[in-house]
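Note that this is a predicted model, so its numbers are computed, not measured.
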Protein chains: 2
Amino acid sequence: MEYQEAKEKFINTWGSLGTLWGINKAMAQIQSLLFISTKPLSMEEIMEELKISRGNTSMNLRQLMDWGIVTKEIIRGERKEFFTTEKDVQELARIVAKERSRREIKPVIKVLEDVSSIKDDGTAKTKELIKQTKALKDLTDDLDTLMNKLVNQKQNWLTKSVFKLMK
Amino acid sequence: MEYQEAKEKFINTWGSLGTLWGINKAMAQIQSLLFISTKPLSMEEIMEELKISRGNTSMNLRQLMDWGIVTKEIIRGERKEFFTTEKDVQELARIVAKERSRREIKPVIKVLEDVSSIKDDGTAKTKELIKQTKALKDLTDDLDTLMNKLVNQKQNWLTKSVFKLMK
DNA sequence: CTAAACTTTCAATAATTACTGAAAGTTTAT
DNA sequence: ATAAACTTTCAGTAATTATTGAAAGTTTAG
């Protein structure tokens, strides 16, 4: 496999995996491109490489910056803006986990709390609703906590801290 | 909040969270409904409760059964088929994690392996591609392994095994 | 200040994904 | 075998989500 083919394969695969970490295709593709680039890229270059429109590029770059995954680079002597992504995978994972926890998991936990704390009127169906949503709330809470703990270990959290404890 | 309101809130919230665990809305809603039901439900009852068509119900039930989350119940004396979902949240999490690993993560790891093992032609961009995809492959691998290990602890894996080790 | 270089916004449109409903298929009871 | 009861399939349609491109906005140089 040649460089160009490998590069395209990577961008496509990682792009379509977007759903797994909760972002859309173009966003994921832009990030992928920056991730394997040896230098910051301009909007022009990104558009050209991915064959997407200016507007699309602009909007998705903005979202990536909102997530804290991509940053603007000022290059002296250049009028254009350039973009880079976080290059350290552990740091990336940390950012993604934090954001998803904040944006998606926390709000769900809130709803589960509300639902599981309705008044028990003694009927079987109410009891079941309370019991099951409570269980789900506890599980979601535990997973969220675990994820955040993992992700806050600054140094090689995965291999160092966890694996040896679980083997 | 009354039972009916709480129930609807739960089904909607859990339904729209579908993306987080990788299934579509109707699928997630059907599962939610069964999850808080005190008895197995027929297709008729599911359609009625969720206001969705027969075809939609049939297809999504089939998918839920493919995932191993929902099972058919035969009720004696009844001609109709009835459905139930796994009621234990830990077991549910285990099934979901296993399926997502198999369906989504493993194939991505394969691609990352392929891409990261292209021939190093000595150029900076090839080196960068190899280095970064390798790092991503290692991370994805680690996360996948961790997830599967967690999820295979049969008894109270989360609270018992992991938390105390990380505090 | 003005014009050029660049970025953002957003209404229109395209692409994708989900849903319906009726016809075809299957199973069970008689 | 036949018919009733039920489930599945799938072409057509609807709903949702992503993308374009051109106009409006912003910044910088001179």
Side-chain angles (χ1 to χ4, degrees), chain A residues 11-34 40-67 70-84 103-104, chain B residues 11-34 40-67 69-85 103-104:
Chain A
I11 291 174
N12 289 336
T13 307
W14 205 242
S16 63
L17 193 68
T19 51
L20 199 65
W21 49 298
I23 67 176
N24 74 28
K25 199 178 106 207
M27 236 175 115
Q29 291 190 148
I30 294 173
Q31 199 277 329
S32 305
L33 180 62
L34 294 173
L41 300 179
S42 67
M43 218 163 85
E44 215 71 43
E45 290 170 305
I46 295 171
M47 289 167 56
E48 162 63 20
E49 281 270 10
L50 301 178
K51 302 273 180 285
I52 58 179
S53 72
R54 190 173 294 284
N56 199 5
T57 308
S58 172
M59 286 173 99
N60 284 105
L61 276 172
R62 133 97 71 168
Q63 282 202 77
L64 284 163
M65 289 187 283
D66 285 350
W67 273 71
V70 161
T71 46
K72 266 187 196 158
E73 229 25 31
I74 308 295
I75 296 192
R76 39 166 294 165
E78 287 276 9
R79 187 82 167 264
K80 286 203 213 44
E81 293 176 335
F82 287 79
F83 301 89
T84 41
R103 292 169 195 237
E104 303 173 75
Chain B
I11 291 173
N12 289 335
T13 306
W14 206 242
S16 63
L17 193 69
T19 50
L20 198 65
W21 50 297
I23 67 177
N24 75 27
K25 199 178 106 209
M27 236 175 116
Q29 292 191 147
I30 293 173
Q31 198 277 328
S32 304
L33 181 62
L34 294 173
L41 300 179
S42 68
M43 219 163 84
E44 214 72 44
E45 290 170 305
I46 295 170
M47 289 167 56
E48 163 63 20
E49 280 269 12
L50 301 178
K51 302 276 180 283
I52 59 178
S53 73
R54 190 173 294 283
N56 200 6
T57 308
S58 171
M59 286 172 97
N60 284 104
L61 275 171
R62 130 99 70 169
Q63 282 204 75
L64 285 164
M65 289 187 284
D66 284 350
W67 274 70
I69 290 173
V70 162
T71 46
K72 267 188 195 159
E73 257 335 66
I74 309 294
I75 296 192
R76 40 166 294 169
E78 286 276 7
R79 188 82 166 266
K80 285 202 214 44
E81 295 176 333
F82 287 78
F83 302 90
T84 41
T85 188
R103 293 168 194 238
E104 302 173 74

Open item on the list: Is a donor from one side chain sitting under 3.5 angstrom from an acceptor on the other, for Ser32(A) and Gln29(A)?
Closed with: no
Tell me, do [X] and [Y] make a side-chain contact under 4.5 Å, heavy atoms counted?
{"X": "Arg54(B)", "Y": "Thr57(B)", "answer": "no"}
{"X": "Leu64(B)", "Y": "Ile30(B)", "answer": "yes"}
{"X": "Ile23(B)", "Y": "Ile69(B)", "answer": "no"}

Taking [atom1] from [X] and [atom2] from [N], how many angstroms apart are they, rounded to a whole number?
{"X": "Gln63(B)", "N": "dC10(D)", "atom1": "CD", "atom2": "C1'", "result": "15 Å"}
{"X": "Ile52(A)", "N": "dA18(D)", "atom1": "CD1", "atom2": "P", "result": "13 Å"}
{"X": "Ile30(B)", "N": "dT7(D)", "atom1": "CD1", "atom2": "C1'", "result": "14 Å"}
{"X": "Asn24(B)", "N": "dT16(C)", "atom1": "CG", "atom2": "C1'", "result": "13 Å"}
{"X": "Ile74(B)", "N": "dA5(D)", "atom1": "CD1", "atom2": "P", "result": "19 Å"}
{"X": "Met47(A)", "N": "dC6(C)", "atom1": "CE", "atom2": "P", "result": "12 Å"}
{"X": "Met27(A)", "N": "dT17(D)", "atom1": "CE", "atom2": "P", "result": "16 Å"}
{"X": "Ile23(B)", "N": "dC19(C)", "atom1": "CD1", "atom2": "P", "result": "12 Å"}

| request: With DNA chain C as reference, determine whether Met59(A) or Lys80(A) sits nearer its 5' end, using the nearest nucleotide of each. | output: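 Whichever sits nearer the 5' end wins; that is Lys80(A).
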Closest to the 5' end of DNA chain C, once Lys25(B) and Met43(A) are matched to their nearest nucleotides, is Met43(A)
Nearest listed nucleotide, side chain of [X], among [options]:
{"X": "Ala26(B)", "options": "dC19(C), dC10(D), dC6(C)", "answer": "dC19(C)"}
{"X": "Ser58(B)", "options": "dT8(C), dC6(C), dT8(D)", "answer": "dT8(D)"}
{"X": "Arg79(B)", "options": "dG21(D), dT8(D), dC6(D)", "answer": "dC6(D)"}
{"X": "Ser53(B)", "options": "dT8(D), dG21(C), dT19(D)", "answer": "dG21(C)"}

Margin query: Reading DNA chain D from 5' onward, which residue's closest nucleotide shows up sooner: Asn56(A) or Lys72(B)?
Written below: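 Its nearest nucleotide being more 5', the pick is Lys72(B).
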Taken to the nearest 0.5 Å, the spacing of Glu45(B) CD from Phe83(B) CZ works out to 11.0 Å
Q.
Heavy atoms only, 4.0 Å cut-off, all strands: where does Glu44(B) land among base, sugar-phosphate and nothing?
A. nothing
(message) Any base atoms under 4.0 Å from Arg62(A), or only sugar-phosphate, or nothing? Heavy atoms, all strands.
(response)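 Touches sugar-phosphate only.
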